Amino acid sequence: MPIAPAGLGPLSDPRCFTEPVSIAGRSHEELRADLAMMLTIRFAEEAIAELVENGEARCPCHLGIGQEAIAVGVSANLRPADRVFGAHRSHAHYLALGGDLDAMMAEVLGKDVGCSRGFGGSMHLYGGEVGFRGSVPIVAATVPIAAGAALAAKMDGNEDVAVSYFGDGAAEEGGIHESLNLAAIMALPILFVCENNLYSSHLDIGQRQPSDRIARFAEAHCIPARVVDGNDVGAVREAATALVEHARRGGGPGFLEAVTYRWRGHVGPKEDVDVGVRRSAEDLAAWKKRDPVGRLRAAMIARGDVGDEELEALADERRAAVQSAVEAARRAPYPPAAALHRAVYADRGGDIG
Amino acid sequence: MPIAPAGLGPLSDPRCFTEPVSIAGRSHEELRADLAMMLTIRFAEEAIAELVENGEARCPCHLGIGQEAIAVGVSANLRPADRVFGAHRSHAHYLALGGDLDAMMAEVLGKDVGCSRGFGGSMHLYGGEVGFRGSVPIVAATVPIAAGAALAAKMDGNEDVAVSYFGDGAAEEGGIHESLNLAAIMALPILFVCENNLYSSHLDIGQRQPSDRIARFAEAHCIPARVVDGNDVGAVREAATALVEHARRGGGPGFLEAVTYRWRGHVGPKEDVDVGVRRSAEDLAAWKKRDPVGRLRAAMIARGDVGDEELEALADERRAAVQSAVEAARRAPYPPAAALHRAVYADRGGDIG
Amino acid sequence: MAEGRESLVYAEAIRDAFRYLLGRHPNVFAIGQGLWSPWYVGSSMRDLDKEFGAARVIDSPVSELACTGAAIGASLCGYRPIVVHPRMDFMLLAVDQIVNQAAKWSHMFGGQAHPAVTIRAIVNRGGEQGAQHSQALHAWFAHIPGLRVVMPATARDARDLLIASVMCDDPVLYIDDRWLYETRSPASAIVETDLRQERPAVLREGSDITLVGASFSTHLISEAATQLGEAGIEAEIIDLRIINPLDAEPVVRSVERTGRLLAVDGGWQTCGLAGEVLAATCSRLDPAALKASPARISLPDAPAPTSAPLEKAYYPTVDAIVAKARRMVMGGRVAHDQA
Amino acid sequence: MAEGRESLVYAEAIRDAFRYLLGRHPNVFAIGQGLWSPWYVGSSMRDLDKEFGAARVIDSPVSELACTGAAIGASLCGYRPIVVHPRMDFMLLAVDQIVNQAAKWSHMFGGQAHPAVTIRAIVNRGGEQGAQHSQALHAWFAHIPGLRVVMPATARDARDLLIASVMCDDPVLYIDDRWLYETRSPASAIVETDLRQERPAVLREGSDITLVGASFSTHLISEAATQLGEAGIEAEIIDLRIINPLDAEPVVRSVERTGRLLAVDGGWQTCGLAGEVLAATCSRLDPAALKASPARISLPDAPAPTSAPLEKAYYPTVDAIVAKARRMVMGGRVAHDQA
Ligand SMILES: Cc1ncc(C[n+]2csc(CCOP(=O)(O)OP(=O)(O)O)c2C)c(N)n1
Ligand SMILES: Cc1ncc(C[n+]2csc(CCOP(=O)(O)OP(=O)(O)O)c2C)c(N)n1
Ligand SMILES: [Mg+2]
Ligand SMILES: [Mg+2]
């Protein structure tokens with residue numbers, strides 16, 4: 001039984017949208033890059049799942065396996081001067097922008113060379129050089145911060161944009177609504193990206209909201225919204241590009257709702273079909289057929305873009321990169337205990353003991 | 001120039017709805033009671049304005065002169081077991097429910113016999129015996145509290161409802177959106193009443209929101225909404241009754257947006273046309289023609305219900321009641337200094353020094 | 001409830017209190033995130049939704065402010081709700097409701113209405129969760145008149161003080177710490193007490209130094225006292241139990257005898273609980289009674305780190321308490337906190 | 001700026017700082033409620049929108065959380081915003097952004113990004129405004145590592161410390177009190193200082209007792225010192241100026257000489273600023289140096305009332321300070337705070 005059929009309709013029904021994605025008019029290079037990035041993300045998260053299982057990674061890790069297409073599609077038209085913010089489930093957001101894989105793995109293991117210097121773990125990622133301005137696990141916290149980054153971009157006048165990733169659960173936090181209003185009234189160059197995976201922790205959206213369509217809030221705030229299959233990288237890319245270009249040209253905020261599903265549990269490597277209040281093995285199995293990776297691969301093969309062999313080589317290469325990142329992370333040292341006080345303030349130079 | 005023409009359309013245009021209100025089918029007694037209550041409220045607030053001007057009232061007083069029809073219309077079908085919450089501009093909410101006039105005046109002057117025992121002033125009114133469960137000046141604060149009171153009513157199973165009054169400015173606080181969702185998902189018996197007077201302090205709604213129609217938020221949360229001329233007591237009463245009855249019968253929350261305008265400034269007795277950023281003397285003059293009291297009086301006279309003389313007598317009687325309340329309040333003593341610790345906790349009996 | 005058990009485990013004791021309350025009082029209900037989840041609040045509320053129904057054990061949207069406000073509202077209408085914040089950090093989104101509304105409601109209306117709401121905040125530190133998932137901000141709430149703040153250290157208090165909190169007519173912030181969930185008290189029958197009458201507990205008597213703590217810190221100082229005892233130093237242990245209103249008299253009485261005070265707290269130092277214990281004691285004590293400068297051990301002035309080695313360096317330890325206490329007892333009247 | 005004025009008035013000094021900052025630094029902007037209003041923030045920002053444009057002096061919707069978050073976000077992207085909360089009470093809706101986000105941002109990301117945001121919170125008490133419109137919760141924020149907290153007492157500090165706050169790379173909570181708006185300092189030129197180097201100020205030297213305050217309390221103790229001086233008691237006056245990180249050394253040095261400490265604060269007592277001053281001092285001081293129990297004067301343990309006579313009884317007064325100080329100096333080593 002699909003969850004909360006009203007609202008999103010077929011978009012939240014896993015029996016729909018299981019065919020290969022449409023790739024008409026998209027170049028081989030672009031598709032290959034999208035696929036490579038989705039594979040990197042998936043393998044990286046599978047590796048993290050293992051690290052958690054074997055006790056090497058101890059920080060809470062929220063995996064987005066099954067949701068890879070969204071970050072990849074959204075990042076397509078972003079540049080380093082744009083400013084992107086994530087939340088607790090942000091490995092994909094970081095990597096899709098070009099964030100350093102080695103540094104992320106080191107961060108997950110709490111190491112000094114981690115992308116947050118070993119002070120964040122999986123839930124606090126930073127990749128300033130690629131425009132990833134931070135992810136933190138207080139739900140919805142970065143949404144107003146991203147709005148402020150958009151305000152800065154507007155003041156700069158360089159046509160940069162901000163991107164704020166959040167989930168369907170985050171839409172229940174009042175701060176998001178305040179941020180939508182602020183963005184609307186100030187015509188801020190921001191793309192709100194709601195990854196609607198129909199769950200917040202163990203509760204499905206039907207247990208938390210009267211409709212499963214989050215874009216209704218954008219519309220209430222007079223913000224143009226697009227709702228797409230979040231497991232179709234081309235659909236995400238096309239919608240995100242339109243909204244980002246609109247924002248760059250001074251058209252104000254845009255809202256992208258990408259409907260998806262996570263294959264793993266809320267936190268950690270398990271599937272949660274046992275503990276999610278209404279999460280069923282059947283739903284999960286159905287959603288796995290709506291796989292963003294598999295559907296792109298199938299489309300590329302069907303069009304004759306690539307053969308199995310090339311795809312295997314690509315996957316092997318991505319797997320090797322992930323493996324090497326894990327190994328480097330293992331070898332890296334932890335931050336020294338003295339580092340505790342290192343970054344409390346910007347510069348403790350002249351400060352009180 | 002009307003403010004933010006999109007959204008509410010003619011409802012926020014003071015040139016519209018200036019005719020006598022429709023009273024077809026309403027009894028003389030009911031109309032007379034509505035008029036009497038509106039006069040009480042207006043005279044009471046005019047008296048408070050004077051008390052502020054002459055320095056007798058020192059607490060911040062937010063006057064709702066021009067908005068009387070809303071509370072009167074909403075209260076028509078409420079009963080003491082219902083639970084009503086207000087905010088900073090709540091004299092009308094308290095009085096329309098039948099709250100004691102003498103106790104309110106004493107409260108405004110900070111006296112021990114005040115409706116909040118001299119601990120609230122104009123911004124914190126309490127009338128438990130008539131179902132007025134409190135007003136406080138943190139914007140939007142009572143909205144989730146009212147939702148909780150509705151939850152209690154639902155658990156009681158006695159078909160009582162909660163009413164939450166708030167303004168267009170309050171709709172910018174995230175907490176309201178959280179409360180709308182909670183009410184929707186839990187099907188709480190609550191009537192949200194947005195008194196949209198098009199202003200929050202010195203800013204008109206066009207400076208704060210992309211549309212002047214607040215009911216869009218109710219709709220986004222799948223809550224049935226009615227938008228009415230807030231200066232037409234019959235229209236308010238009819239819409240509120242329908243939504244309240246729906247809630248009593250277990251139909252869940254309702255949302256009433258009543259469009260209005262305050263004749264005085266944000267706080268205190270002045271008109272604020274000089275200091276409101278875009279508040280003009282012309283707008284104010286136009287809105288005074290859309291007077292809720294005058295339009296009802298005119299309709300009653302036109303129908304031949306009453307003559308000038310009877311109306312004058314009614315007004316005199318209401319003025320006298322207000323005057324007597326003011327005088328009693330003047331004579332009443334302040335709470336003793338020892339009262340400071342009286343009500344910090346429910347019962348300090350067995351407590352630590 | 002506790003029947004058949006040899007000892008009472010903290011997390012189970014909380015669950016016992018919920019069962020007692022929900023079973024006896026139809027006007028008690030619980031609302032908060034994770035109440036239908038087996039993992040959110042540890043085992044402390046396991047299956048209560050199944051036993052008492054999802055209408056009384058309500059899992060909620062991610063809306064801390066509205067859920068807290070709703071609990072307050074229901075408490076004004078005859079109910080005794082417990083609103084659960086699985087992490088105190090998340091509760092910061094609801095402080096307006098707790099501090100501006102609940103704590104002041106009775107006073108603002110001259111005592112005509114009392115929000116008999118219990119706000120349960122869980123401290124959930126460690127596990128490399130980092131800065132936003134590790135806070136212990138009890139000192140903030142102890143600062144607020146009108147709000148009672150309860151911090152049980154023992155399984156028995158976790159149970160009986162939760163019941164007392166819910167039965168109290170005032171808003172109560174009840175703070176439990178997941179680091180205590182496996183700790184045990186001897187089995188005991190539930191005792192309904194009047195929260196307003198509860199006082200700090202002297203858990204161990206000693207003549208050389210007074211160690212003061214609350215919640216998890218009480219365990220640290222108790223363990224430290226055992227080690228100090230082996231070294232011939234007799235520490236008196238005071239568990240505060242309730243930090244607002246704070247009753248410092250038992251500490252003053254104790255320090256009058258021991259002449260030495262060391263307060264330990266899992267929160268930050270500046271304007272924190274340990275400092276309050278020092279201030280409340282020193283201001284009531286003849287300074288001649290002091291044999292050493294009073295001292296405190298709190299968190300370092302930094303947000304919580306993530307990586308395990310840094311977490312280890314971050315949190316107060318029994319070793320640090322023992323070392324400080326020894327220096328205080330051995331070192332005479334010297335000020336030891338000197339920078 | 002101050003040209004042509006004989007003295008500097010507190011509210012005008014704040015306005016001078018804004019003009020200085022907005023005039024010299026294109027990356028400074030202000031956002032908050034009431035910034036286009038002539039009455040919201042007193043005269044402290046009058047007509048700045050007209051001088052610098054509504055795009056840099058931004059009036060906002062009633063959205064404390066989002067506006068604070070937006071200021072933080074802009075500060076991460078090269079700007080130095082000042083977000084204005086016309087009342088500290090309203091700011092409670094934004095504490096998640098201040099405490100969970102801004103204060104921890106640098107640490108969480110290992111020092112790679114610094115929210116150079118200034119949060120201006122105005123304490124606006126009295127006037128029968130009551131419990132929700134009178135709070136002075138500075139102690140809360142002093143408790144939070146990563147957040148600098150500034151409380152200027154003088155017009156000169158109101159100006160120069162606001163500039164220093166905005167120029168500082170860290171998040172700073174700058175708290176001004178409307179009861180100070182008409183107070184004056186001698187005219188002076190603006191001095192750009194490094195906030196990290198600023199220390200408490202000894203405003204008056206004395207040998208009998210050390211009185212410590214911040215912001216408005218500094219005025220109370222200064223006035224009390226004058227009265228005590230007339231009675232032959234020489235009080236030393238220390239104005240803390242910055243309460244996080246708190247530098248208690250000047251207080252310790254002073255109490256070593258005077259032997260008596262009285263801290264005065266306009267916030268509540270438990271886990272408050274005055275208590276912190278006592279704790280920080282006592283833990284660094286040889287108790288033999290104390291000639292009397294250290295004492296504090298804070299608000300009573302109650303929310304703010306409304307009616308004028310109760311307001312009068314509620315707030316600390318010069319008389320109460322003088323009386324307490326006299327008892328401490330006259331009474332010897334007795335504990336005076338005894339219940
Ligand atoms: C303020 C706050 N409340 C609650 C939580 C606990 N929490 C962490 S993730 C999460 C679910 C959020 O759901 P959603 O926004 O849909 O993101 P998803 O996990 O589906 O990616 C919750 C409730 C939190 N981290 N912060
Ligand atoms: C949380 C909070 N923020 C700001 C204020 C200041 N304030 C008091 S009333 C008000 C205007 C609210 O406007 P609206 O809700 O439309 O009510 P109205 O005054 O028009 O009746 C504001 C901003 C406040 N009291 N509380
Ligand atoms: Mg989700
Ligand atoms: Mg309004």
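Because the structure is a prediction, the values reported are computed rather than measured. Convention: sequence-line order gives letters A, B, ...; per-chain numbering from 1.
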Discussion item. Quick one, C:Ser63 and B:Leu182 - any side-chain contact, counting heavy atoms below 4.5 Å?
Written reply: no
Fill in: Considering all heavy atoms, the nearest B:Ser179-C:Ala66 contact
N-CB, 3.9 Å
Worksheet item: Any idea which of B:Arg83, B:Lys154, B:Glu107 has the most non-hydrogen atom pairs under 4.5 angstrom with chain C?
Response: B:Arg83
Practice prompt. Sort C:Leu195 into side chain, backbone, both or neither according to what part of it lies under 4.5 angstrom from a heavy atom of chain B.
Written response: neither
Worksheet entry | Ring geometry between B:Phe119 and C:His107 (parallel below 30°, tilted from 30 to 60°, perpendicular above 60°) | perpendicular
Worksheet item: In terms of heavy-atom pairs under 4.5 Å, which option from C:Cys168, C:Ala70, C:Pro26 contacts chain B the most?
Response: C:Ala70
Worksheet item: Can you list the steps and then say if C:Phe109 with B:Val136 is a side-chain contact (heavy atoms from CB on, under 4.5 Å)?
Response: CA-CA 10 Å; C:Phe109 299 117; B:Val136 302; 3.7 Å; yes
Fill in: Atom group of C:Gln112 that falls short of 4.5 Å from chain B, counting heavy atoms
both
Worksheet item: Does some side-chain heavy atom of B:Met155 sit less than 4.5 Å from a side-chain heavy atom of C:Asn27?
Response: no
Worksheet item: Does the side chain of C:Ser106 reach to within under 4.5 Å of the side chain of B:Val344, using non-hydrogen atoms?
Response: no
Discussion item. If the contact rule is any heavy atom under 4.5 Å from chain C, which residues of residues 158-170 of chain B qualify, in numerical order?
Written reply: none
Worksheet, complete the sentence: Heaviest contributor of heavy-atom pairs below 4.5 Å to chain C, chosen from B:Asp112, B:Val143, B:Leu125, B:Asn181, is B:Leu125
Item to complete: Evaluate the side-chain proximity of B:Pro144 to C:Thr68: yes if any heavy-atom separation is below 4.5 Å, no if none is.
Response: no
Discussion item. What's the separation between atom CD1 in B:Ile138 and atom CD in C:Gln101, rounded to the nearest 0.5 Å?
Written reply: 6.0 Å
Discussion item. Within the 4.5 Å heavy-atom criterion, are B:Asp347 and C:Asp169 side-chain neighbours or not?
Written reply: no
Worksheet entry | Residues of residues 76-93 of chain C with any heavy atom under 4.5 Å of a heavy atom in chain B | C:Leu76, C:Cys77, C:Tyr79
Item to complete: Taking B:Ser116 for its side chain and C:Gly110 for its backbone only, find out whether a donor-acceptor pair lies under 3.5 Å.
Response: no
Discussion item. For C:Gln97 versus B:Ala141, what's the shortest heavy-atom pair and its separation?
Written reply: NE2-O, 2.9 Å
Worksheet item: Is chain B contacted by the side chain of C:Ala116, its backbone, both, or neither, given a heavy-atom distance below 4.5 Å?
Response: neither
Worksheet item: Between the side chain of C:Asp170 and the main-chain N/O of B:Tyr345, is any donor-acceptor distance below 3.5 Å?
Response: no
Fill in: Interatomic distance, C:Leu65 atom CG to B:Ile176 atom CD1 [nearest 0.5 angstrom]
10.5 Å
Item to complete: Under 4.5 Å heavy-atom distance to chain B, tell me which part of C:His114 shows up: side chain, backbone, both or neither.
Response: side chain
Worksheet item: With B:Ala106, which residues qualify under side chain to side chain contact (heavy atoms under 4.5 Å, CB included), at least two apart?
Response: B:Lys111, B:Val113, B:Ala329
Discussion item. Quick check on the structure: residues of residues 246-254 of chain B within a heavy-atom distance below 4.5 Å of chain C, by number.
Written reply: none
Practice prompt. Check C:Pro61 against B:Ile185 and note the closest heavy-atom contact, atom names and distance.
Written response: CG-CG2, 4.4 Å
Discussion item. I'd like to know which of C:Cys67, C:Ala74, C:Ala113 tops the heavy-atom pair count under 4.5 Å against chain B.
Written reply: C:Ala74
Item to complete: Heavy-atom distances under 4.5 Å only: say whether B:Arg133 touches chain C with side chain, backbone, both or neither.
Response: both
